[in-house]
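Computation of the quantities below employed the complete heavy-atom set of this structure, encompassing side-chain atoms and omitting hydrogens, waters and symmetry-equivalent molecules. Remember, it's a predicted structure, so these values are computed and weren't measured experimentally.
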Amino acid sequence: MKFLDEYRDAETARRYARALNRITTRPWTIMEVCGGQTHAIVKFGVDDLLPPYVTLIHGPGCPVCVTSVEFLDAAIEIASRRDVIFCSFGDMLRVPGTSRDLLAVKAGGGDVRTVYSPLDAIRVALENPAKEVVFFAVGFETTAPANAMAVVQAKAQGIPNFTVLVSHVTVPAAIRALMESPDVRVDGFLAAGHVCTVMGYWEYEPLAEKYRIPIVVTGFEPVDILHGILDCVRELEAGEHAVGNAYARAVTREGNKPAQAVINKVFELTDRAWRGIGVIPQSGYRLRPEYAAFDAEQRFPEVQAIETRESPLCISGLVLQGIKRPVDCPAFGKQCTPQTPLGATMVSSEGACAAYYRYGRLGK
Ligand code: SF4
């Protein structure tokens, strides 16, 4: 299959691994930001091909995992109302809030619906004018353009019963927070290719310069990931710290300008709490004041006073910062499994704990 087989080719992967072995002279720690890359690394055993000097650590790039408990509890509270139809991507339904998840709300009679696009939620709103329809807008910059377009459409069509609960987060702010943390030691980053198809990589250049750290835009297949690691190690060995692009078949420096324009039209930056990590300044999007009529937080102001609590066993905040691995968590595979998740990183299809469990990384 074009654009798949050649990026899963074993001989090409081995060639990259041999090149890495040839050029690596010192220990380097590289963080893949994106949970999709984490899953590919664990699934295909990419880390088994690396020289012993190169260590991969997993970053916070799983949007489901970093959505704060406060927002999840707000979503659960709103979804529990009898006058609400709550629309969400399926990944969010099993993420535990303080005491339950959205699936439990649905099981209890709440009208919680899985949608594949925010435009599906608009259709639900048009079909159910007597109900409040709320769409749970989560994700990194990748999903932001479609969610912004839905708000633009709702405003253009004057749909009064449609709002969005916005919990978008952004990658550059996460990299900045990691580099400022005294507990995190990273020599280079693999940036998430799909985010960069939207945003380009111009935003990363000041970060690479400020922290003197290479950042390489990287795709999601095993050969893509090895290509990104090789480019990153090449820079490290040469003492360089530029932004590289190992995903040129999909990403340009400038990115998708119309998509960026609709994001900027609808959203503005705000401080955002990341699950298990805390508040990162200017790390999320919220609706601009001119779209306040479509803001679920303003439509349902009572949800802002909810008290939240994490499982005391869960160390997912440390996992999301690459400080601990899933197998370092005492609850991993015991109290916490995909069937009985205590934290979001065990639920999401991009979560590091779920990847380790699913692909049998039980003690590595
Ligand atoms: S294994 Fe479960 S409890 Fe432990 S960090 Fe992962 S999600 Fe949290």
Side-chain angles (χ1 to χ4, degrees), residues 20-21 23-35 37-42 46-62 65-66 169-192 195 201 203-218 225-226 228-244 246 274-281 283 314-330 332 343 345 350-353 355-356 361 363-364:
L20 264 166
N21 266 292
I23 67 166
T24 310
T25 63
R26 280 170 286 168
W28 301 116
T29 301
I30 297 172
M31 174 180 277
E32 84 278 1
V33 171
C34 172
Q37 291 166 339
T38 303
H39 267 251
I41 288 163
V42 178
V46 171
D47 45 353
D48 290 336
L49 293 173
L50 301 179
Y53 273 175
V54 176
T55 303
L56 287 182
I57 55 175
H58 316 310
C62 160
C65 305
V66 299
V169 284
T170 62
V171 172
I175 291 180
R176 194 179 312 115
L178 289 164
M179 291 310 297
E180 297 282 344
S181 166
D183 302 320
V184 178
R185 198 192 142 265
V186 179
D187 298 310
F189 284 98
L190 306 184
V195 168
Y201 54 85
E203 291 182 302
Y204 298 92
E205 290 166 352
L207 292 171
E209 187 56 39
K210 178 172 181 185
Y211 298 108
R212 306 184 67 75
I213 194 161
I215 302 174
V216 179
V217 180
T218 301
I225 293 168
L226 285 161
I229 296 168
L230 179 62
D231 285 3
C232 198
V233 170
R234 259 197 199 119
E235 285 198 53
L236 289 165
E237 289 283 342
E240 295 168 355
H241 52 269
V243 177
W274 294 51
R275 188 168 193 165
I277 297 176
V279 174
I280 300 180
S283 66
C314 183
I315 60 162
S316 61
L318 300 177
V319 173
L320 288 164
Q321 296 172 81
I323 297 169
K324 295 277 188 190
R325 295 192 171 237
V327 289
D328 298 328
C329 173
F332 177 83
T345 43
E350 294 190 9
C353 298
Y356 273 57
R361 293 290 181 97
K364 201 161 176 184

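- Interatomic distance, CD of E32 versus SG of C232, reported as 11.5 Å (0.5 Å rounding).
- Of all the heavy atoms in A355 and V42, the pair that sits closest is O-CG1, 3.7 Å.
- The shortest side-chain heavy-atom distance between T345 and P326 does not fall under the 4.5 Å cut-off.
- Checked against L50 for a side chain to side chain contact (heavy atoms under 4.5 Å, CB included), the options I41, L226, I30, T55 give a single hit: L226.
- Interatomic distance, CD1 of I229 versus CH2 of W28, reported as 15.0 Å (0.5 Å rounding).
- With rounding to the nearest 0.5 Å, the separation of CG in L20 from CG in L230 is 4.5 Å.
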Just do the side-chain contact (heavy atoms from CB on, under 4.5 Å) check on V195 and C34 with the steps written out, would you? CA-CA 9 Å; V195 168; C34 172; over 6 Å; no
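- The side-chain contact (heavy atoms from CB on, under 4.5 Å) test applied to E205 returns Y201, W202, V243, R253, not counting sequence neighbours.
- Closest heavy-atom contact between V319 and A352: CG1-CB, 4.0 Å.
- Side-chain atoms of P60 and I277, non-hydrogen and from C-beta on, do get closer than 4.5 Å to each other.
- Residues forming a side-chain hydrogen bond (donor to acceptor under 3.5 Å, both in side chains) with S283 (at least two apart in sequence, or on another chain): W274.
- Once rounded to the nearest 0.5 Å, the distance linking SG of C329 with NZ of K324 reads 10.0 Å.
- Here the closest non-hydrogen pair linking A191 and I215 is CB-CG2, 3.9 Å.
- In terms of the side-chain contact (heavy atoms from CB on, under 4.5 Å) criterion, residue partners of N21 (sequence neighbours excluded) are, by chain and number, P51.
- The two atoms that bring P206 and E203 nearest to each other are CD-O, 3.4 Å, heavy atoms only.
- One distance of note links CD of Q321 with CD1 of I57; it measures 10.0 Å at 0.5 Å rounding.
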Validation: residues 172-181 side-chain donor-acceptor distances under 3.5 Å, sequence neighbours left out:
from, atom 1, to, atom 2, distance (Å)
E180, OE2, Y211, OH, 2.5
S181, OG, D183, N, 3.1

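- Atom CZ of R212 has 12 or fewer heavy atoms from other residues, nucleotides or ligands within 6.0 Å.
- We find the NE2-CE distance between H58 and M31 to be 9.5 Å, quoted to the nearest 0.5 Å.
- Listed by chain and number, the residues in a side-chain hydrogen bond (donor to acceptor under 3.5 Å, both in side chains) with T25 are E237 (sequence neighbours excluded).
- With sequence neighbours left out, T218 forms a side-chain contact (heavy atoms from CB on, under 4.5 Å) with Q37, L190, V216, I225.
- Ion pair D231/R234 flagged as a salt bridge, since at least one NZ, NE, NH1 or NH2 atom sits closer than 4.0 Å to an Asp/Glu carboxylate oxygen.
- Remark: the backbone N or O of T29 is paired with a side-chain donor or acceptor of D187 at under 3.5 angstrom.
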